[in-house]
Structures are given as C-alpha cells and as structure tokens.
S.K.: 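Please read through the structure below; I'll follow up with questions.
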Protein chains: 2
Amino acid sequence: MAYRKTPAEIRRLEATRERLVSCATEVVTEVGWAQASVSAVADAAGIAAGSVYQHFPSKSALAVEVFRRAAGREVEVLGEVLHAPGDPVERLSRAVEVFARRALQNRGLAYALLAAPAEPAVGAERLEFRRRYRVLFAEVVRDGMTRGALPQQDDEITAAALSGAIGEVLVYPLGDPEKRAVDTFIAELTAMALRCVGAPRD
Amino acid sequence: MAYRKTPAEIRRLEATRERLVSCATEVVTEVGWAQASVSAVADAAGIAAGSVYQHFPSKSALAVEVFRRAAGREVEVLGEVLHAPGDPVERLSRAVEVFARRALQNRGLAYALLAAPAEPAVGAERLEFRRRYRVLFAEVVRDGMTRGALPQQDDEITAAALSGAIGEVLVYPLGDPEKRAVDTFIAELTAMALRCVGAPRD
DNA sequence: GAAAGAAGTGAACCATCATTCAGAGCTTCT
DNA sequence: AGAAGCTCTGAATGATGGTTCACTTCTTTC
C-alpha cells in the first residue's frame, strides 16, 4: 500500500468538514436557505464548489446537517431547563425565557430554524424538531396536571400551541426591536405562555 | 376598426381567467406551491402553458392572486365573527371554532395558506395576512381588557401567540385524524385559546 | 526522489422550469 | 368572403444552480 490517511490528515479533513458546516450555518443565518447556494457556501468556507461533495453527497445533506446541529442545540437546552427538578410552572417559565433570549440573540438563525423557506429535506427535519418541542412541552404540561398545578387539558394540543405561539411571537417581533425593552417583551411572552397552560394567576 | 371585443368575448376571457385561478388553487391545495408548475396549472385548466401569460404577467402574479383570494375569504369570515356584537370572550371562542372547522374541512388549502413552502412573493403575502389576523385578534383582546373581561396583557403579543398557536395546532393535527373526534379537538383548541387570553375559568 | 493514491479545483454539464414567440386558428366587422 | 386583430398553442429559449469530471496539487510510502 502506498497511501493511507494519517491521523493528522483525518483531523484536517474533519476540520474542513466542520468549517464547512459552520460557514454554511453562518451563510444560512445571514441570507436564508434559498440564497445559500453551494458556491456561496463553498466560498465562505474557502473551498471550491466541487469540494463540498467530498464531505456531503448533496446540497440537501449539508443543509440537513446544518439544521440538525443548530436545532439540536436548542432542543437540548430547552430539554435541560424543562427537565430540571422543581415546580412545572416555574420550569416552563424559565424555558420560555431561555428559548426567547437565545432566539433574540441570534434572530437570523432563529428565523432559519423556525420559519424561513427551505427545501423539502430541511422542511422534513423541521417537522421532526417541532415534534421534539411538542414532546418536551407536553411532558411539563402533564407533570403540571399530575401535581394539580395545572387544570385538566389536552397536553398535546397545549404543547403544539405553546411551540406555535412562542415561535410566531419570536419570528415576527412586533414593532421596533429597540423600542420595546427585551426584558419587558420576554416577561409578556412568558406571561402569555403561563396563561396558555392555565397556570394559577398571582 | 375591424375587431373589437364583444361583451360575450370579454365574459369568456374572464371566465377562463377565473377557471385558471380556481384550478390553480386546486393544484396548490393538492400538491403544494412548489409542485404547482405553470404547465401543471395550465393542464388542470385545460389551456396551454403559454396562455397563462394572457391572464397573468408571471407565475408569481398568479400565485399571489390564488393566495389572496383564499386567504382573503378566511380573514373576512374571521373578521365577521370577531366583529359581531357581544361578549369578546364569546366572540373569540366562536372565531376559533369557525377558523378551525374551515381549516379541517380543507386541510390542503389550510396548509398551503399557513405553512407550505412557497416562493418569496407568496411568502410576503402570507406575512401581510398574518398581520391581518393579528390585528383582528388584538382588537378582540383589547376589547376584552377594556370591558374588564380579560386581565391586562400585551394585546399584540397575545394576538401573535393566538395565530401561531392555532396555526400550529391545525397544521400538524396530532395523531390519526379519525381517531380524535373533530368536536372534541375543536373544544380543546378553543379552551386553549381562552386560557391563552386569560379568560375567566368556569 | 518517485510512484501511488487521495483531495481539491472550477469550468462544463445537465435538469428544471418560467418565459417567449412565430405561426395557427378564431372572432369581429365591412 | 376577406381583411384585421385577437387568442391560443407548444416547442424553443434562457436563466438558474446543483452536480460531475478531467485535471492539478498535495500526502504518503518506499
């Protein structure tokens, strides 16, 4: 045998792949899925368009990877907050705040994940992640009902409503972003979410 | 002058245009915006692809017309119910029911209007119609607050949340459509909407 | 240093549609 | 009937952008 990938070479290839994914994420964040052409992404990563195909079998596969990474982080964070011990209402409240703060911190990415027009493969992935959000929310709602902290309700409908409501409010933030203080905005959003699950009023 | 459109001829052309719009709506309902190519739509209407351009300057213009017609009907219906005289909570409740029933009656169209991937021109139109939904919901929420029927809240956030929540619940109806009785589903959805605005509990 | 094999390049290729257009077929009016 | 002007057709055109591939460049091994 005259050639065998050396560990350093493997690392270098993996690093290139990582860079490709993260540059693609940036491009998508900035210009959306539709405008993120293979050559734009390749340029951003400093490689030729053809080289993308050394790392991914198709543009779709790269797009799905980008989506999974970014969406996966969000689901993970949300899951941690929601699975923390303690009062379900308190956990939901914190989860909404964390989710909203992260989305407002990186609006471009939030929009890309939640609502931006995308090719079918990414759309399918989005469905899957929405499902995960619903599962997480449904758990905390069920928990609240079990503990008697929340009124009886259809946990799956409430969960879908929560993810839809929060997404809509965050994606089309109302009015001038500067005008409305972020904290006030988040407080109102959280209050809405708590009303939505029927949490006891103060 | 040797030729002038006769009234009958004008009617015939308008009828063709109407047929084109309604056939396009059907195609979009069935296969979504992405798959609704000019030739597919023309075939459905029984005309040649080129003839579409006798009635619309571009595919986008036709798509926008299709969207406006269908979405306009929904906004109108919703507006009528929400503007009826009477208790705001009652009006909201009826509005959610009407909206949901119509959406479930024609899921394909509901999906096309609310969430299906679409070209930018349709996306822009969708934003405009979402804004109209928000305006309608915000009005009823304000009305409720004024009358003391609803707790103080940010009407715009609640309105966005309502439209997002209802849309999400309807677009990804949970489980088998047959399994869950439509009436139960709608009752739960309505209950959620009322909690969301903080309506007094029974 | 040279052979073997992999990665990287980017211009050419190709598929997909929206759009155009030259000609065929109608309708209107004299 | 015939001229004029319109609608309709559908194959050709054109733009876009993902994908391929012959070639170059780099790495490894001996």
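To find a chain, count down the sequence lines: A is the first, B the second, and so on, and within it residues start at 1.
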S.K.: Can Arg132(A) be said to sit on top of Phe129(A)'s aromatic six-ring, NZ or CZ under 6.0 Å from centre and within 45° of the ring axis?
M.R.: yes

S.K.: What residues from residues 17-42 of chain B pass a heavy-atom cutoff of under 4.0 Å to DNA chain C?
M.R.: Ser37(B), Val38(B)

S.K.: Under a 4.0 Å threshold between the charged nitrogen and the carboxylate oxygen, would Arg131(A) count as salt-bridged to Glu128(A)?
M.R.: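 Arg131(A) and Glu128(A): salt-bridged.
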
S.K.: Assess whether a salt bridge exists between Glu9(A) and Arg12(A), defined as any Lys/Arg side-chain N lying under 4.0 Å from an Asp/Glu carboxylate O.
M.R.: yes

S.K.: If I take atom CD in residue Glu119(A) and atom P in nucleotide dG17(D), what distance separates them, rounded to the nearest angstrom?
M.R.: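 That distance rounds to 13 Å.
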
S.K.: Between N or O atoms, less than 3.5 Å apart, protein on one side and nucleotides 7-11 of chain D on the other: list the pairs.
M.R.:
from   : atom 1 : to       : atom 2 : distance (Å)
dT7(D) : OP1    : Lys5(B)  : NZ     : 3.3
dC8(D) : OP1    : Arg12(B) : NH1    : 3.2
dT9(D) : OP2    : Ala48(B) : N      : 2.8
dT9(D) : OP2    : Ser51(B) : OG     : 2.8

S.K.: Round to a whole Å and report the spacing from CD1 of Ile10(A) to C1' of dT28(D).
M.R.: 13 Å

S.K.: Less than 4.5 Å apart, side chain to side chain, heavy atoms only: is that true for Leu78(A) and Val98(A)?
M.R.: no

S.K.: Let me know the distance between CZ of Arg4(B) and C1' of dC29(C), rounded to the nearest Å.
M.R.: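 Rounding to the nearest Å, CZ of Arg4(B) and C1' of dC29(C) are 12 Å apart.
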
S.K.: Within the 4.5 Å heavy-atom criterion, are Phe99(A) and Val77(A) side-chain neighbours or not?
M.R.: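 No. Closest side-chain heavy atoms not under 4.5 Å.
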
S.K.: Counting only heavy atoms from other residues, nucleotides and ligands, does the tally under 6.0 Å from CZ of Arg94(B) exceed 12?
M.R.: no

S.K.: If you define the side chain from C-beta out and look only at heavy atoms, does anything of Asp183(A) sit under 4.5 Å from Arg101(A)?
M.R.: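 In short, these two side chains touch, coming nearer than 4.5 Å.
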
S.K.: Do the side chains of Arg69(A) and Glu18(A) get close enough for a salt bridge, i.e. N-O under 4.0 angstrom?
M.R.: yes

S.K.: Figure out the CG/P separation between Leu62(A) and dT19(D), and round it to whole Å.
M.R.: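 About 10 Å, once rounded to whole Å.
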
S.K.: What is the distance, rounded to the nearest whole Å, between atom OH of Tyr53(A) and atom P of dA11(C)?
M.R.: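 Rounded to whole Å, this separation is 16 Å.
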
